[in-house]
Undergrad: 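Dropping the structure in here first, questions after.
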Amino acid sequence: MTSPPRSHDSYAALRVPAFRWFIAALLTQTLASQMQAVVVGWQVYSITRSPLSLGLIGLAEAIPFIGTVLFAGHWADRHDRKRLSVMATALLCLCAGSLLWLTLAPEPDQLRLTLIYVVVFASGLGRAVLMPSRTALAGEIVPRDVLVNSVSWRTSSWQLAAVIGPAIGGGLYAVQGPALAYGVSIVLLLAGVVSYFKVPAVPRSAVTTREPLRQALGQGIDFVRSQPMFLGAITLDLFAVLFGGAEALLPVFAADILKVGPSGLGILRGAHSAGAVAMSLYLSHRRPLERPGRALFYAVGGFGLCMIGFGLSRNFLLSFSLLVLAGMADNISVLIRSSLLQTLTPAHLLGRVSAVNSVFIGSSNEIGAFESGVAASLLGTVPSVVFGGTMTVLIVLATAWRVPQLRKLAQIK
């Protein structure tokens, strides 16, 4: 006689003390970064009134990120992941302090704009070190049998902060201007540093081999290439965000199309994450998805359709609702991709594989922001968003045809 299946423990990962401190660091970092994103976007658009200038914010962050993240993944597999996370968060805190100084300094607008791009460039370096280090750290502080549950909690925590952060940032900007928002960001990032210090050190096997750097970096790339399902998932996400993301253009929609100001911009920017939080909480309290491969394609296709509708909308409530639905769909994609990363990757490769994943996913937001800015300057804001959503749907169909293993994926374990 077979024993009955165990009930799903929704709080398994949170029962690990180290993971709770990790979640605290993740929440404070994300709140700070989301607040800054709203304030920087509104500041830049207020100076230039150009969609292309918003795209350049993404490019300024993407260039150092792409150039550094693979090396950061190598460091995360050879050095203390907790220490690297602390150092990266400290750099992001310094960047927030620089943005505060630029806001208060009596500099001409053009010089202030140039220096903002320089600070964004520096934050790209910090994020390049943080993402693989933080992801690898999360994989080593929880038992392997609760990895999927920990991914769900990490995702929902990140999205919760991504809902609250933009709303706070936009509200503070509307009431007090950007200086207070940057000040709060500094405090939050310092709290993130403290939280990382509270994460207990995790003993790891010493690295006994010293393979050449090119070979070490190539191991992460080779592993991803050897996993067609994971490669298909991150490629699908890459192009969906690259073409379908309209987040960089939200200041244009808030100022010129929907006319809701900086506080409305904060609400719009948090709408995507509000949907993601709702979906993540739902998924964390139910059994793992059945047929996750099929769910992934439906989710990304639905995301593209929501972006088409958002581009055509002229009603604030409808636009907000479509972004919420897009966030719900996107969360399914994030959960499946992150679960594949954590369950397929050997522990000694987590940093490098996370870095490769970050090149696909982490940089796609910024490159997508640049693409959106260029497309909006050439086609117009609304046509560029509709075009991006359409391309997302077409990419879903092409990937489903080219990667049947992912389409037929029945279980993640």
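The basis for the numbers below is simple: all heavy atoms, side chains too, and nothing from hydrogens, waters or symmetry mates. A quick note: this is a predicted structure, and the numbers were derived from the prediction, not measured.
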Undergrad: Are Ile141 and Lys82 side-chain neighbours, meaning at least one heavy-atom pair lies under 4.5 Å?
TA: no
Undergrad: Take Ile332 and Leu296, measure what side-chain contact (heavy atoms from CB on, under 4.5 Å) needs, and give me the verdict at the end.
TA: CA-CA 7 Å; Ile332 296 174; Leu296 175 64; 5.8 Å; no
Undergrad: Could you check if a side-chain atom of Val382 sits within less than 4.5 angstrom of a side-chain atom of Ile257, using non-hydrogen atoms only?
TA: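 Yes, their side chains come closer than 4.5 Å.
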Undergrad: Strictly by modelled atom types, are Tyr282 and Asn331 linked by a side-chain donor-acceptor pair under 3.5 Å?
TA: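 Per modelled atom types, Tyr282 and Asn331 side chains form no pair under 3.5 Å.
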Undergrad: Within this structure, what is the OG-CG distance for the pair Ser372 and Leu249, rounded to the nearest 0.5 Å?
TA: 5.0 Å
Undergrad: For Pro166, run the side-chain contact (heavy atoms from CB on, under 4.5 Å) check against Ile267, Val38, Leu265 and tell me which one passes.
TA: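 Of the listed residues Ile267, Val38, Leu265, the side-chain contact (heavy atoms from CB on, under 4.5 Å) partner of Pro166 is Val38.
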Undergrad: Quick one: are Ser273 and Leu160 in side-chain contact, heavy atoms under 4.5 Å?
TA: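 Ser273 vs Leu160: side chains apart.
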Undergrad: If I compare all heavy atoms of Ser377 with all of Leu52, which pair ends up nearest, and what's the gap?
TA: CB-CB, 4.4 Å
Undergrad: Looking at Ala329, is its backbone amide N or carbonyl O close enough to the side chain of Ser333 to form a donor-acceptor pair, meaning the two atoms are under 3.5 Å apart?
TA: no
Undergrad: Assess whether atom CZ of Arg49 is packed by more than 12 heavy atoms of other residues, nucleotides or ligands within 6.0 Å.
TA: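 Yes, CZ of Arg49 has more than 12 neighbouring heavy atoms, counting only those of other groups under 6.0 Å.
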Undergrad: Within the structure provided, determine whether Pro108 and Leu111 are in side-chain contact (heavy-atom separation under 4.5 Å).
TA: yes
Undergrad: Would you say the side-chain atoms of Arg81 pair up with the backbone N or O of Ser133, donor to acceptor, closer than 3.5 Å?
TA: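 Checking the backbone N and O of Ser133 against the side chain of Arg81, no donor-acceptor pair under 3.5 Å is found.
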Undergrad: Please identify which of these residues, Leu84, Thr28, Thr89, meets the side-chain contact (heavy atoms from CB on, under 4.5 Å) condition with Tyr196.
TA: Thr89
Undergrad: Go through the steps for Arg112 and Ile116 under the test side-chain contact (heavy atoms from CB on, under 4.5 Å), then give the verdict.
TA: CA-CA 6 Å; Arg112 180 179 288 109; Ile116 286 174; 4.1 Å; yes
Undergrad: Could you check Cys93 against Val193 for side-chain contact (heavy atoms from CB on, under 4.5 Å), going step by step and ending with a plain yes or no?
TA: CA-CA 9 Å; Cys93 186; Val193 171; 5.8 Å; no
Undergrad: Quick check for you: to the nearest 0.5 Å, what is the distance between Ser85 atom OG and Leu130 atom CG?
TA: 5.5 Å
Undergrad: When rounded to the nearest 0.5 angstrom, what distance separates CD1 in Ile308 from CG in Leu312?
TA: 8.0 Å
Undergrad: Apply the test side-chain contact (heavy atoms from CB on, under 4.5 Å) to residues Leu378 and Val374: give CA-CA distance (whole Å), side-chain angles for both, the deciding distance (0.1 Å), then the verdict.
TA: CA-CA 6 Å; Leu378 296 175; Val374 172; 3.9 Å; yes
Undergrad: Looking only at non-hydrogen atoms, find the nearest pair between Ala32 and Leu189 and report the distance.
TA: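 Smallest interatomic distance, heavy atoms only, reads CB-CG, 3.7 Å.
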Undergrad: As an exercise, state the distance from CG of Leu102 to CD of Gln43, rounded to the nearest 0.5 Å.
TA: 8.5 Å
Undergrad: So which heavy atom on Phe22 is nearest to which on Val199, and how close?
TA: N-CG2, 3.9 Å
Undergrad: How about Phe19 and Ser150: do any of their side-chain heavy atoms sit closer than 4.5 Å?
TA: yes
Undergrad: Check this for me: Tyr117, atom OH, are more than 12 non-hydrogen atoms of other residues, nucleotides or ligands nearer than 6.0 Å?
TA: yes
Undergrad: If you measure from CG on Leu59 to CZ on Phe370, what distance do you get to the nearest 0.5 Å?
TA: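 Answer for the CG-CZ pair, Leu59 versus Phe370, is 5.0 Å.
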Undergrad: Do you know the tightest heavy-atom contact between Gln34 and Arg269?
TA: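 Minimum heavy-atom separation between Gln34 and Arg269: OE1-NE, 3.9 Å.
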Undergrad: Are any of the side-chain heavy atoms of Tyr182 and Leu172 separated by less than 4.5 Å?
TA: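 SC-SC contact between Tyr182 and Leu172 ruled out.
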Undergrad: Within a strict 4.5 Å, meaning less than it, do heavy atoms of the Val324 and His272 side chains meet?
TA: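 Not touching, per the 4.5 Å side-chain cut-off.
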Undergrad: Should the pair Trp75 and Phe71 be assigned to parallel (<30°), tilted (30 to 60°) or perpendicular (>60°) ring geometry?
TA: tilted
Undergrad: Please examine the side chains of Leu92 and Ser33, heavy atoms only from C-beta on, and report whether any two atoms are closer than 4.5 Å.
TA: no
Undergrad: Measuring from Ile57:CD1 to Ser123:OG, what's the distance to the nearest 0.5 Å?
TA: 10.5 Å
Undergrad: Just by distance, no angles: are the side chains of Arg134 and Gln29 close enough, under 3.5 Å, to form a donor-acceptor pair?
TA: yes
Undergrad: Parallel, tilted or perpendicular: which one describes the rings of Trp42 and Tyr173, with boundaries at 30° and 60°?
TA: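 Perpendicular, since the angle between the ring planes exceeds 60°.
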Undergrad: If you compare all heavy atoms of Leu104 against all heavy atoms of Ala179, which two are closest, and at what distance to 0.1 Å?
TA: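 The pair with the smallest heavy-atom distance is CD2-CB, 3.9 Å.
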Undergrad: Any donor-acceptor pair under 3.5 Å linking the side chain of Ser313 with the backbone of Phe310?
TA: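 No.
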Undergrad: Over all heavy atoms of both residues, which pair between Arg154 and Leu26 is shortest? Give the atoms and the distance, please.
TA: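 So the two residues come closest at O-CD2, 3.5 Å.
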